[in-house]
Amino acid sequence: MDNTTSINTPYQASSSLGKVYLIGAGPGAADLITVRGARLLAQADIVLHDALVTAEMLALCPQAIKVSVGKRSGQRSAAQEHINQQLVEAAQHHRLVIRLKGGDPMLFGRADEEMRALENAGIAFEIVPGITTAMAAASSVQLPLTKRGVARSVALFTSSTAPHESAETRIPDCDTLIQYMGGREAMLTAERMLAKGFPESHPVVIVESCSRPEEKQLHITLKELALGLPACEGPVLVMMGEAMRRRDTP
C-alpha cells in the first residue's frame with residue numbers, strides 16, 4: 001500500500017507501527033473533502049470518525065473498519081483520553097489509520113491533544129486540512145466574511161470549554177464574528193453584545209447543517225438572537241456583523 005505522502009517528523013513509525021492521518025472532512029458534503037483526504041480514505045485500514053461525519057463521506061472508505069468516536073456537542077461522546085488511546089492502539093494493529101474530523105482538524109478539533117498522545121507513543125502522523133464550516137457557510141449564504149469598507153477582520157470562536165475551564169467567553173474585537181457550536185451559547189453572546197452597546201438591528205445569519213441536503217438558513221437580528229433560537233437538529237454556526245446584512249437586490 002502506498003502511503004502517498006510523508007512528513008519530516010521526529011516521530012517516525014517503526015516497522016511495527018502504522019501511521020495516523022488527522023483528516024478534515026469539511027463541513028459535511030462528501031464532495032467538499034479534499035482530493036488528498038479522499039485518496040487516503042480509499043486506502044485506510046481503519047477510520048475513527050466524529051459523529052457528524054456523514055454516511056456519504058464514510059462511503060469513500062468501504063474497505064476500512066469504521067469506529068464512531070462521538071464528539072457531538074450536547075450529546076454523550078467518548079472522552080478525549082479514550083479517543084487518544086484508541087488512536088494509539090489502532091496504529092499498533094493497522095498500517096494506515098485515519099482520524100476523520102468535521103471541518104478542519106486544526107480548528108476546534110482537539111488536534112493538539114491527539115498529536116501529543118501520538119508523539120508520546122512514538123507514532124508518526126500527518127495533518128490533512130479540510131474546509132472549515134465558516135468558509136462553507138459564507139459561500140452557502142453568498143455573503144463574504146470580509147467586505148471593503150464594511151468588514152476587514154474576522155474572528156472564529158466557541159463557548160465550548162474544557163473541564164475546569166471558565167465558560168466566560170470574551171467577545172472578540174472584530175468586524176465579523178463567527179461562533180462555532182453556537183446554539184444556546186450564541187443567545188448568551190447576543191445578550192452580552194447588546195449590553196456592550198451593539199445595535200439591536202446588528203445582522204445575524206444562522207446556518208444549520210451546512211452543505212448538507214437538510215441545510216437551513218435564518219437571517220435575524222442581534223435582538224432576535226438574544227430572545228432565542230428555534231430548535232435545531234444539526235450543527236449550528238452563527239455569523240454576526242455588518243458583512244452579514246443582506247444585499248439589496250436590483
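Bear in mind that the values here come from a model prediction, so they are computed numbers and not experimental data.
Counting heavy atoms from C-beta on, the side chains of H202 and L225 never come closer than 4.5 Å. Under the 4.5 Å side-chain criterion, counting only non-hydrogen atoms from C-beta, L227 is not in contact with M187. Side-chain contact between C174 and V154 is absent, with no heavy-atom pair separated by less than 4.5 Å.
In plain terms, the two heavy atoms of V141 and V205 that are nearest each other are CG1-CG1, 3.9 Å. P105 and P129 get closest at one heavy-atom pair: CD-CA, 4.3 Å. Heavy-atom minimum distance, L100 versus L41: CD2-CD2, 4.2 Å. Scanning both residues, G183 and V236, for their nearest heavy atoms gives N-CG1, 4.0 Å. K101 and G109 make their closest contact through NZ-O, 2.5 Å (heavy atoms, listed as atom of the first residue, atom of the second, distance). Smallest separation of non-hydrogen atoms from Q142 and R247: O-NH1, 2.5 Å.
Counting only distance, with no hydrogens or angles, the side chain of E113 and the backbone of Q80 share no donor-acceptor pair below 3.5 Å. Side-chain atoms of D175 come within 3.5 Å of backbone atoms of R152 as a donor-acceptor pair (strictly under, hydrogens ignored). Counting only distance, with no hydrogens or angles, the side chain of D104 and the backbone of M106 share a donor-acceptor pair below 3.5 Å. Using modelled atom types, no side-chain atom of E114 and backbone atom of N84 make a donor-acceptor pair closer than 3.5 Å. A donor-acceptor contact shorter than 3.5 Å links the side chain of D45 to the backbone of L96. A donor-acceptor pair under 3.5 Å is formed between the side chain of K66 and the backbone N or O of C61.
Summarising the geometry, atom CG belonging to L40 is positioned 5.5 Å from atom CD belonging to Q43; distances are rounded to the nearest 0.5 Å. How far OH of Y21 is from CD1 of I98: 8.5 Å, rounded to the nearest 0.5 Å. In this structure, NE2 in H94 is found 12.5 Å from CG in L17, a value given to the nearest 0.5 Å. We find the CZ-OG1 distance between R39 and T34 to be 8.5 Å, quoted to the nearest 0.5 Å.
When only modelled atom types and interatomic distance are considered, E233 and S209 share no side-chain donor-acceptor pair under 3.5 Å. A side-chain donor from one of Q85 and E89 sits under 3.5 Å from a side-chain acceptor of the other. T189 and Q179 share a donor-acceptor pair across their side chains, judged by distance under 3.5 Å alone.
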Does the salt bridge (charged side-chain N to carboxylate O under 4.0 Å, His left out) test come out yes or no for E242 and R245, once each step is laid out?
CA-CA 5 Å; E242 281 300 321; R245 192 176 296 280; 2.8 Å; yes
Show the numbers, then the answer: is there a side chain to side chain contact (heavy atoms under 4.5 Å, CB included) between Q217 and I206?
CA-CA 6 Å; Q217 303 173 4; I206 313 293; over 6 Å; no
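Among L118, V88, L48, I65, the single residue meeting the side-chain contact (heavy atoms from CB on, under 4.5 Å) criterion with V97 is L48.
Under the 4.5 Å side-chain heavy-atom criterion for Ile, Leu, Val, Met, Phe, Trp and Tyr, I178 and V150 are members of distinct hydrophobic clusters. Note on M181 and L188: separate hydrophobic clusters, where clusters join Ile, Leu, Val, Met, Phe, Trp and Tyr whose side-chain heavy atoms are under 4.5 Å apart, directly or indirectly.
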